[in-house]
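Structure, as structure tokens:
Heavy-atom basis, side chains included; hydrogens, waters and symmetry copies ignored.
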Amino acid sequence: MAVSDTKLADAENPAATKFSDDSDVDFAGRANWLRAAVLGANDGLVSTASLMLGVSAVKHDVRAMVVSGFAGLLAGACSMAIGEYVSVCSQRDVELAQLDRDGKRGGDEERALPSPVQAAVASALAFSVGALLPLLAAGFIVGYRLRVAVVVAVATMALAVFGYVGAVLGRAPVARSCARVVVGGLAAMGVTFGLMRLFRELAE
């Protein structure tokens, strides 16, 4: 009876069955590097672009904008690497303790655990890649208004790409993922620019 029920469920929902058979292990293996790569690049892009736009709201000098962005890249990459390292170490300690309790220490399960160093390096590199995009966009433009417009445009296109890649790898709805990433990033940049512009006006 149980076998018949299973076959009936498979016939009614073949897509779900295929998803379960082919993708469960794949999703488990993707989790760490997907978070470190796509989301790390997204964080680098949004935080660096927001920082640069915030500084540009107070000071229109291209050098100040680029220097602030580069400082944000370095600080963010270091912060992401340290945070990822600590997070993966904590996760690894918990899983090692479980292996000790199960008597499986030193086996294939332990060798399959994520590496804190690899996760830290991947997170730092991904953040740096994302942060480089607004830096390169702003570094060669002298005019203030054009420079701000180009940074926003480049950031928007990159956010859409990151949202698309994340949706495809995670098999999530593409339109919803792209919209969420783009709207969130633009909101962060807009709030930072607006508050710093208000600060400048109050200071004057």
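Two residues are said to be in side-chain contact when any heavy atoms from C-beta on lie closer than 4.5 Å; L53 and M65 meet this criterion.
In terms of the side chain to side chain contact (heavy atoms under 4.5 Å, CB included) criterion, R145 has no residue partners (sequence neighbours excluded). Residues passing the side chain to side chain contact (heavy atoms under 4.5 Å, CB included) test with D102, sequence neighbours excluded: Q98, K104. The salt bridge (charged side-chain N to carboxylate O under 4.0 Å, His left out) search around E95 returns none, not counting sequence neighbours.
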Output a table of donor-acceptor pairs, distance under 3.5 Å, between side-chain atoms of residues 176-194 and any protein atom two or more places apart or on a different chain; print 'none' if there are none.
{"unit_1": "S177", "atom_1": "OG", "unit_2": "G163", "atom_2": "O", "d": "3.0"}
{"unit_1": "T192", "atom_1": "OG1", "unit_2": "A188", "atom_2": "O", "d": "2.8"}

Which atom pairs, donor and acceptor, lie under 3.5 Å between side-chain atoms of residues 129-136 and protein residues at least two apart or in another chain?
none

Could you list the donor-acceptor pairs under 3.5 angstrom formed by side chains in residues 76-83, with sequence neighbours left out?
none

### Message
I'd like to know whether F199 forms a side-chain contact (heavy atoms from CB on, under 4.5 Å) with L195, so could you lay out the CA-CA distance, the side-chain angles of the two residues, the decisive distance to 0.1 Å, and finally the verdict.
### Response
CA-CA 6 Å; F199 173 79; L195 290 178; over 6 Å; no
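The two residues V88 and A119 make their nearest non-hydrogen contact at CG2-CB, 3.6 Å. Contact record, M52 with A138: CE-CB, 3.5 Å, taken as the closest heavy-atom pair. Residues A57 and M196 come closest through the heavy atom pair CB-CB, 4.0 Å.
Cluster partners of L99 are L96, L113, counting Ile, Leu, Val, Met, Phe, Trp and Tyr whose side-chain heavy atoms approach within less than 4.5 Å, directly or via other members. Other residues sharing the hydrophobic cluster of V94, ordered by chain and number and joined by side-chain separations under 4.5 Å: none, the residue standing alone. L198 forms part of a hydrophobic cluster together with L202, judged by ILVMFWY side-chain heavy-atom separations under 4.5 Å.
In terms of hydrophobic clustering, with Ile, Leu, Val, Met, Phe, Trp and Tyr side chains grouped at heavy-atom distances under 4.5 Å, F70 and V55 are assigned to different clusters. V154 is connected to V66 through a chain of hydrophobic side-chain contacts under 4.5 Å among Ile, Leu, Val, Met, Phe, Trp and Tyr, so both are in one cluster. Transitive grouping of hydrophobic side chains (ILVMFWY, heavy atoms separated by less than 4.5 Å) keeps L39 and Y85 in distinct clusters. Hydrophobic clustering (ILVMFWY, side-chain heavy atoms < 4.5 Å, transitive): L51 and V148 are in distinct clusters.
Residue pairs meeting the ring-ring contact (aromatic ring centres under 6.0 Å, His included) criterion with at least one member in residues 93-123, sequence neighbours excluded, do not occur. Pairs passing the salt bridge (charged side-chain N to carboxylate O under 4.0 Å, His left out) check and including a residue from residues 110-124, sequence neighbours excluded, read R105-E110, D108-R111. Here side-chain hydrogen bond (donor to acceptor under 3.5 Å, both in side chains) pairs that include residues 40-65, with residues two or more places apart or in two chains, are H60-R200.
Annotation: the span from L74 atom CG to F127 atom CZ amounts to 9.5 Å, rounded to 0.5 Å.
Between the side chain of S68 and the main chain of A64, a donor-acceptor pair closer than 3.5 Å is present.
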